[in-house]
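A short write-up of the structure that comes next.
Values reported hereafter were calculated over all heavy atoms of this structure, with side chains retained and with hydrogens, waters and symmetry mates removed.
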Amino acid sequence: MSGVSLRCGVAGFLAALLALVLSACNNSPYPDGAADANTLYTAFNERSPRYLDPTSSYSSNETPFTYQIYEPLYAYHYLKRPYELIPKTAQSVVKPRFIDKAGRPLPDDASADLISESVYDIPIKHGILFAPHPAFAQDAQGHYVYHHLSREQVGEKRSPREFAQQGSRELTADDYVYAIKRHATTRTAAPVFGIFAEYVVGLADYGKLIRIEDKKLRADLSPTERDKPFLDFRRWPLAGVQALDKYTLRIRIMGKYPQWKYWMAMTFLAPIPWEADAFYAQPGMAGNGLSLNTWPVGTGPYMMWEVVQDRRHVLKRNPNYRGAPYPCDGNPGDKEAGLLADCGKTTPFVDTVVFNMEKEAVPQDAKFRQGYLDVPELDQMSYGTAYKIQMEDSPKVNKEFTEKGILLPRNVDLSSSYMGFNWLDPVVGQGDTPQQRLRNRKLRQALSIAIDWDEFNRIFPKAAGEVAQGPLPGGVFGSRHGSLQGLNPVTHKIVNGQIVRRGIEEARQLLAEAGYPDGRDALSGKPLVLNYDYGRPATPEAKASLDWTSKQFAKLGIQLEIRATDYNQFQDKVRRGKHQIFSWGWLADYPDAENFLFLLYGPNAKSLHDGENAANYQNPDYDRLYARLRFMDDGPEKQQVIDQMVRILQEDAPWSWGYFPYASGAYQRWVHNGKPSIMVRDQAQYYRIDTADRSRSLRNWNRPVYWPLAALLAALIGMVWLAVRSFQVRERQVALPASHEAAQRDHKEA
């Protein structure tokens, strides 16, 4: 190699090294210019949501998508507390009219015993359009372009955007009729079918009919076949739901059920166009991940734009969305907090919402503090509390958050977090005989005393809340939370006028009476080993919580086996009834006691009827009281029934009652209109991003530190210089002997 080429090679190496060093100065996880785009950046944990089909979706990690894409008839006012229903696609929030068994009208104050049906006639707004989708595409003759595809025509397409033609149409009352009928499906999970079948006239029988018709359709198919013929619910009428005309929906409810109005604010009553169902039922669609569970079709402000399983989801503004005005009224303090500054402006404000997967809490926290996440997570209302406590504990963190202007609003909201016992389990469940039932109840009571939720709140402030004495948080009618009347006599007692947890000795006594003295079976002498099903992988962040849980059982000498899985696997296990002890939570669907008490209603058992009673709790007395409660308006009689139900639950202890979490948000200062809530789930349309502030702040917060890189570069240059010098010296040493030998030869010849 010549010296010239060596020097050129060294120069090229140094240039490449310099480029690498300069590129390393940019620590942004996004492409250049991302901060300037009208995009909201947030995160999700673990895995992609499993169900985005509104018939199936019922988990909180799915709501950031479903409530931005779909539109139920009603919604909740974004700012008002207590929560207030407002019309969404409906023209107004309607009151039902009551009729008796003979079909005669009844007055509004009629006794529930006289009411045979509650009839809701709901007017739908005109001109609402579905987001663009190939299911609606038609040719010049009005024929659907993509409704008769073969597997070969579907090919490798994995997104609706890959189809050349997109279409749309107007929302009609029939789309809501189809959606309610579809809860009778046998094709996908339908968690509230059991509840709806108790209220919607004819839906229970409709479910039986659909099972028969679906069996006919699939008669020649293998049970494992993923491609199933289109189950067209338009073919079979449902007595309780009909479209009176294009824009008027009628729903007939059996008896009196005041809570039905709240269900109409949930995505279970989001419209489903039959065209989408037909489109996704075609051969090859299921195998390519083309379904409502991945690619929803709605009328809301956003549409699913990109899906990278377990990595990224992107929502884009629906170009067909009509827009909605930002509210002009709210609660005291909202104006001072800047929450009314956008009064009357058309939403949504943000064009794109990007959800990136974050497997661990530490890098997610770092990205938020660097400004690369505008909101940590849309569905988690716990970050504000965690950050507030960090600020209290660390002057450095306090200074950082204060200077950055990070917003951490907090309030008490309608949710619960609990540990449950599977009623189908022979050890911690109901039991088969009276003797076994008594033993198992005492075991559950002993565990409920030993599990110290006050301590949990102190150790894990991110999950902090108010310790529960029963199933009902404050803020709903009938709750005794926070009062002496709400005391759970099984786990707590009053000492000097204060509610305190019973001592561990009382728990040990109950454990011995259950047949497990010191944590061993009194008959066999074997240690009692219980299984705890945990719906997250056992990451380092989860280890502390799992260790704490094991210690609670160890107080009684009980060994706890941790069975940690991802959330989707956990859901499957609970659905199949293969769990024993588990932790779960509940975000209220609507602000009524019934929405918490139905979580322990027997016919709503998850493993038996695919409902939301994850503990599979069964108690005939409780179920009879619940059947009365659902027809009651707020008042003394309803309070009495609620008190009786809560006493039954406290005695049976199907849950260790856990705590009622705070709703606490965390927002960068450039995110406007953030107000934490677990009831309002269509929040993305209200957020507004000051992109100029974000870009400026990201540059200031993430200035590159050059001196370590400069020192490294200098060291590398020095090493290269030494290498070049060594090479040049070696070259001269090789050249000298050769010249000397030539001179000797010339001398001899002479």
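- Looking only at atom types and distance, the side chain of E513 has a donor-acceptor partner in the side chain of Q509 under 3.5 Å away.
- Listed for the R575 side chain is no donor-acceptor partner under 3.5 Å among the backbone atoms of D610.
- Every side-chain hydrogen bond (donor to acceptor under 3.5 Å, both in side chains) that R104 has, sequence neighbours left out, goes to D100.
- The side chain to side chain donor-acceptor pair (under 3.5 Å) analysis of residues 613-623, with sequence neighbours excluded, yields the pairs N422-N616, S607-N616, Y617-N619, Y617-D652, N619-D652, D621-R624.
- In terms of heavy-atom proximity, L487 sits nearest to Q650 at O-NE2, 3.6 Å.
- The closest side-chain heavy-atom distance from P471 to L649 is below 4.5 Å.
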Checklist entry - Step by step, would you call F456 with T549 a side chain to side chain contact (heavy atoms under 4.5 Å, CB included)? => result CA-CA 9 Å; F456 179 89; T549 304; 5.9 Å; no

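- Between Y601 and R630 the shortest heavy-atom distance is OH-NH1, 4.0 Å.
- Residues passing the salt bridge (Lys or Arg N to Asp or Glu O under 4.0 Å) test with E594, sequence neighbours excluded: none.
- Under the salt bridge (Lys or Arg N to Asp or Glu O under 4.0 Å) criterion, E506 pairs with K493, R502, sequence neighbours left out.
- In terms of heavy atoms, P676 sits closest to G665 at CB-N, 3.6 Å.
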Next on the checklist: Let's go through S677 and Y78 carefully: what are the C-alpha distance in whole Å and the side-chain angles of both, what is the deciding distance for side-chain hydrogen bond (donor to acceptor under 3.5 Å, both in side chains) to 0.1 Å, and is it a yes or a no?
Outcome noted: CA-CA 9 Å; S677 169; Y78 181 58; over 6 Å; no

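- The side-chain hydrogen bond (donor to acceptor under 3.5 Å, both in side chains) check on Q639 picks up D643, with sequence neighbours excluded.
- Checked against ring pair (Phe, Tyr, Trp, His ring centres under 6.0 Å), W657 has the following partners two or more places apart in sequence or in another chain: W655.
- Judged purely by distance below 3.5 Å, without hydrogens or angles, the side chains of R647 and Q644 never pair a donor atom with an acceptor atom.
- When all heavy atoms are compared, the tightest approach of L238 to K181 is N-CE, 3.8 Å.
- Distance check: Q68 CD to T63 OG1 gives 8.0 Å after rounding to the nearest 0.5 Å.
- Partners of E466 according to the salt bridge (Lys or Arg N to Asp or Glu O under 4.0 Å) rule, which considers only residues two or more places apart in sequence or in another chain, do not exist here.
- Residues I642 and L629 form a side-chain contact, since some pair of their non-hydrogen atoms from C-beta on lies under 4.5 Å apart.
- For the pair R439 and Y516, the cation sits on the ring face: its NZ or CZ lies under 6.0 Å from the ring centre, inside 45° of the axis.
- In this structure, a donor-acceptor pair under 3.5 Å is absent between the side chains of Y534 and S545.
- For W586 and Y58, the distance between ring centers is under 6.0 angstrom.
- Screening residues 448-461 for side chain to side chain donor-acceptor pair (under 3.5 Å) gives W453-S656, E455-W548, E455-Q552 as the qualifying pairs, with residues at least two apart or on separate chains.
- Take D533 and apply the salt bridge (Lys or Arg N to Asp or Glu O under 4.0 Å) test, not counting sequence neighbours, and it matches R563, K573.
- Counting only N and O atoms by type, the side chains of Q259 and Y590 include no donor and acceptor under 3.5 Å apart.
- Between Y257 and V200 there is no side-chain heavy-atom pair separated by less than 4.5 Å.
- Annotation: side chain of P654 is in contact with side chain of W423 (closest heavy-atom distance under 4.5 Å).
- D633 approaches P258 most closely through the heavy-atom pair OD1-CG, 3.5 Å.
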Next on the checklist: If you apply the rule side chain to side chain contact (heavy atoms under 4.5 Å, CB included), what do you find for R681 with L587, and how did you get there?
Outcome noted: CA-CA 11 Å; R681 296 167 187 167; L587 306 179; 3.5 Å; yes

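- F421 is not listed as a side-chain neighbour of L443, based on a closest heavy-atom distance of 4.5 Å or more.
- Using cut-offs of 30° and 60° on the angle between ring planes, the pair H481 and F660 is perpendicular.
- Qualifying ring pair (Phe, Tyr, Trp, His ring centres under 6.0 Å) partners for F553, counting only residues two or more places apart in sequence or in other chains: none.
- In this structure H183 satisfies the ring pair (Phe, Tyr, Trp, His ring centres under 6.0 Å) test together with F196, F268, sequence neighbours excluded.
- Within a 6.0 Å radius of NZ in K578, no more than 12 heavy atoms belonging to other residues, nucleotides or ligands are found.
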Checklist entry - Does the side-chain hydrogen bond (donor to acceptor under 3.5 Å, both in side chains) test come out yes or no for Y176 and T89, once each step is laid out? => result CA-CA 11 Å; Y176 288 97; T89 59; 2.5 Å; yes

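- Residues T66 and T267 come closest through the heavy atom pair O-CG2, 4.0 Å.
- With 3.5 Å as the limit, one finds no donor-acceptor pair spanning the side chains of Y70 and S57.
- By the 4.5 Å heavy-atom criterion applied to side chains, Y686 and K675 are not counted as neighbours.
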For residues 105-114, tabulate all N or O donor-acceptor pairs below 3.5 Å that involve a side-chain atom, not counting sequence neighbours.
from: S111; atom 1: OG; to: D113; atom 2: N; distance (Å): 3.3

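- In Q91, the CD atom is crowded: over 12 heavy atoms of neighbouring residues, nucleotides or ligands sit closer than 6.0 Å.
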